[in-house]
*Asks:* 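Sharing a structure here in structure tokens format.
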Amino acid sequence: MDSRNNTWGRGSLLYALEGAVVGLAAGAVSVAYRLALEGADQVLDSLLARAKGQGIALAAWFCALCLLAFAVHCLLAWQPAIGGGGIPRVMGELQGRFDPSWWRVLLAKFAGGTLCALAGLSLGRAGPSAQLGAMAGKGFSRLTGRPRQEERLLLTCGVAAGIAATFNAPLAGLLFAGEVLRLDFRPRLLAPCMAAAVAADLVASGAFGLTPIFRFPVQQQLPLSMGWMWLLLGIFLGLLGAFYNRVVEKAQNGYERIGWRPGRLLLPFLAAGIAGLWLPSVLGGGTRLMAVLLGPLPGLGCLLGLLLAKMALSVLCFSSGAPGGLFLPVFSMGALCGGIWAVVAVGLGMPGSWAANCMVLAMAGLFAAVVRAPLTATVLCLEMTGSFGQLLSIAVVCITAWAVTGWLGIQPVYSRLLERLAKPGQNRA
């Protein structure tokens, strides 16, 4: 028995070391991807500034958008596995449904996601970073000749590392791997996935620092006497999350009716071009919107308009199958919902200093409703915003929103997307 325990201990240590190596590789890829997207955002802002009010420059920009859409279409034709966020693809790989070339996915996903960011599509970086991290783990496995069972573990480590590096959130990366990707928390996964997430976070922290990526001005914690408000906010976000999931499903069905495949990408690219002329804050993953919300809150009408525009553009972009995820767009929509909730509540007598609290709660709650992962949503929002004192209120909102979507029969978004990918006639590359 002692021999078996010692063997198990040595094996666990080896898995943890391999997880750390995968975490370093996945963290480096995710950091490079994040830097590429941030560079693309800066170029986009410069191009939009030049195009506004100048007919020739504006026409040239829309021609460029058409070319970008065609380039992304070519990348998808070369490697179909890069479509969407990528997390359902990784889930399918873990189940033995897909087996794409790891290096082709790395190259095509990186390039495709960067081109989409350059065009301003309302897509996030978390899903692509998770898939890139998984492919880093797969590459390590293939290059070192690991068996298939161990390869699945390394894929999981890569996903945890990708999420951790994207948001400087190692605990959320670990929880996401168990709650969403693997749908369980096997003890054997914990040490290697934690090692991968911490290693990736070290790489990301070296590049971007230790501060949370969103610093909302939370001045005080909500008192327990406001617990009723947490429940109401959770119900509201659960209903909105269910609505968003249904709309995305309908939009995906609509895109499937477009026989000309490049046209499926041309629509979101042109929509982003139009939005960039009149409402550039809704472009990209959501950092522009967060910048608006971190200052004095706009009026109720402005917030509602931003929410509708962001949701419409996000649905158009994500449902098209363009390379990009939904994390940041959902978080930014959640922050807008929190701002709307705060404006109404302040009008009814709530102290204005609690507005930032409402936005943090709503970010986590909408994510929990859409992804149906309350534990990951709670911890991820805490790590992203540094609002650890709001653990209880965030948890209540997330669980309530998750329960509402479950009561309405909403399937977890990634499970539904995996079922769509696995349908007969869908590309299984």
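Remember, predicted model here, so these are calculated numbers, not experimental data.
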*Asks:* Within a strict 4.5 Å, meaning less than it, do heavy atoms of the Met229 and Cys358 side chains meet?
*Replies:* yes
*Asks:* With heavy-atom distances below 4.5 Å as the criterion, would you say the side chains of Pro329 and Phe331 are in contact?
*Replies:* no
*Asks:* Any salt bridge linking Glu38 with Arg34? Criterion: basic side-chain nitrogen under 4.0 Å from a carboxylate oxygen.
*Replies:* yes
*Asks:* Hey, mind stepping through Phe208 and Val31 against side chain to side chain contact (heavy atoms under 4.5 Å, CB included) and telling me if it holds?
*Replies:* CA-CA 9 Å; Phe208 303 109; Val31 166; 3.9 Å; yes
*Asks:* Give the ring-plane orientation class for Phe167 versus Phe327, where under 30° counts as parallel, over 60° as perpendicular and anything between as tilted.
*Replies:* parallel
*Asks:* How many angstroms lie between CH2 in Trp407 and CG in Leu239, if you round to the nearest 0.5 Å?
*Replies:* 8.5 Å
*Asks:* State whether a side-chain donor-acceptor pair under 3.5 Å links Asn357 with Gln390.
*Replies:* yes
*Asks:* Kindly say whether Arg97 contributes a backbone atom to a donor-acceptor pair with the side chain of Gln95 at under 3.5 angstrom?
*Replies:* no
*Asks:* Find the distance between CG (Leu132) and OG1 (Thr166) and round it off to the nearest 0.5 Å.
*Replies:* 8.5 Å
*Asks:* Please answer whether the main-chain N or O of Val370 pairs with a side-chain N or O of Asn245 as donor and acceptor at a distance below 3.5 Å.
*Replies:* yes
*Asks:* Between Leu392 and Leu224, is any pair of side-chain heavy atoms under 4.5 Å apart?
*Replies:* yes
*Asks:* Would you mind reporting whether Leu118 and Thr114 have side-chain heavy atoms less than 4.5 Å apart?
*Replies:* no
*Asks:* Nearest 0.5 Å please: distance from the CG atom of Leu94 over to the CG atom of Leu181.
*Replies:* 5.0 Å
*Asks:* Return the OG1 to CG distance between Thr376 and Leu174, rounded to the nearest 0.5 Å.
*Replies:* 9.0 Å
*Asks:* About how many Å separate CG of Leu306 and CE of Met311, when rounded to the nearest 0.5 Å?
*Replies:* 12.5 Å
*Asks:* Give the C-alpha distance, both sets of side-chain angles, the deciding distance and a yes or no for side chain to side chain contact (heavy atoms under 4.5 Å, CB included) between Leu421 and Phe98.
*Replies:* CA-CA 10 Å; Leu421 287 173; Phe98 313 124; 3.9 Å; yes
*Asks:* Is a side-chain donor or acceptor of Lys310 paired with a backbone partner of Met333 at a separation under 3.5 angstrom?
*Replies:* no
*Asks:* Which heavy atom of Ala355 sits nearest to which heavy atom of Leu297, and what is that distance?
*Replies:* CB-CD1, 4.0 Å
*Asks:* With the side chain counted from C-beta on, respond yes when Ile87 and Gln131 share a heavy-atom pair under 4.5 Å apart, and no when they do not.
*Replies:* no
*Asks:* Supply the atom-to-atom distance Met135 CE to Leu155 CG, rounded to the nearest 0.5 angstrom.
*Replies:* 5.5 Å
*Asks:* When you check the gap from the basic side-chain N to the acidic O, do Glu18 and Arg146 get nearer than 4.0 Å?
*Replies:* yes
*Asks:* Using a strict 4.0 Å threshold on nitrogen-to-oxygen distance, state whether Glu151 and Arg148 make a salt bridge.
*Replies:* yes
*Asks:* Do Val248 and Leu326 have side-chain heavy atoms sitting under 4.5 Å apart?
*Replies:* no
*Asks:* Taking side chain as C-beta onward, heavy atoms only, is Leu266 less than 4.5 Å from Phe70?
*Replies:* no
*Asks:* Determine the sole option in Ser320, Cys66, Cys116 for which the side chain to side chain contact (heavy atoms under 4.5 Å, CB included) test with Phe269 is passed.
*Replies:* Cys116
*Asks:* Regarding Arg372 and Thr405, do their side chains bring together a donor and an acceptor under 3.5 Å, going by distance alone?
*Replies:* yes
*Asks:* Answer yes or no: is there an ion pair linking Asp99 with Lys138, defined by an N-O contact shorter than 4.0 Å?
*Replies:* yes
*Asks:* So do the side chains of Met290 and Met363 get within less than 4.5 Å of each other, counting heavy atoms only?
*Replies:* yes
*Asks:* Are Ser319 and Gln252 linked by a side-chain donor-acceptor pair shorter than 3.5 Å?
*Replies:* no
*Asks:* Does the ring of Tyr255 carry Arg264 above it, NZ/CZ under 6.0 angstrom from centre and within 45° of its axis?
*Replies:* no
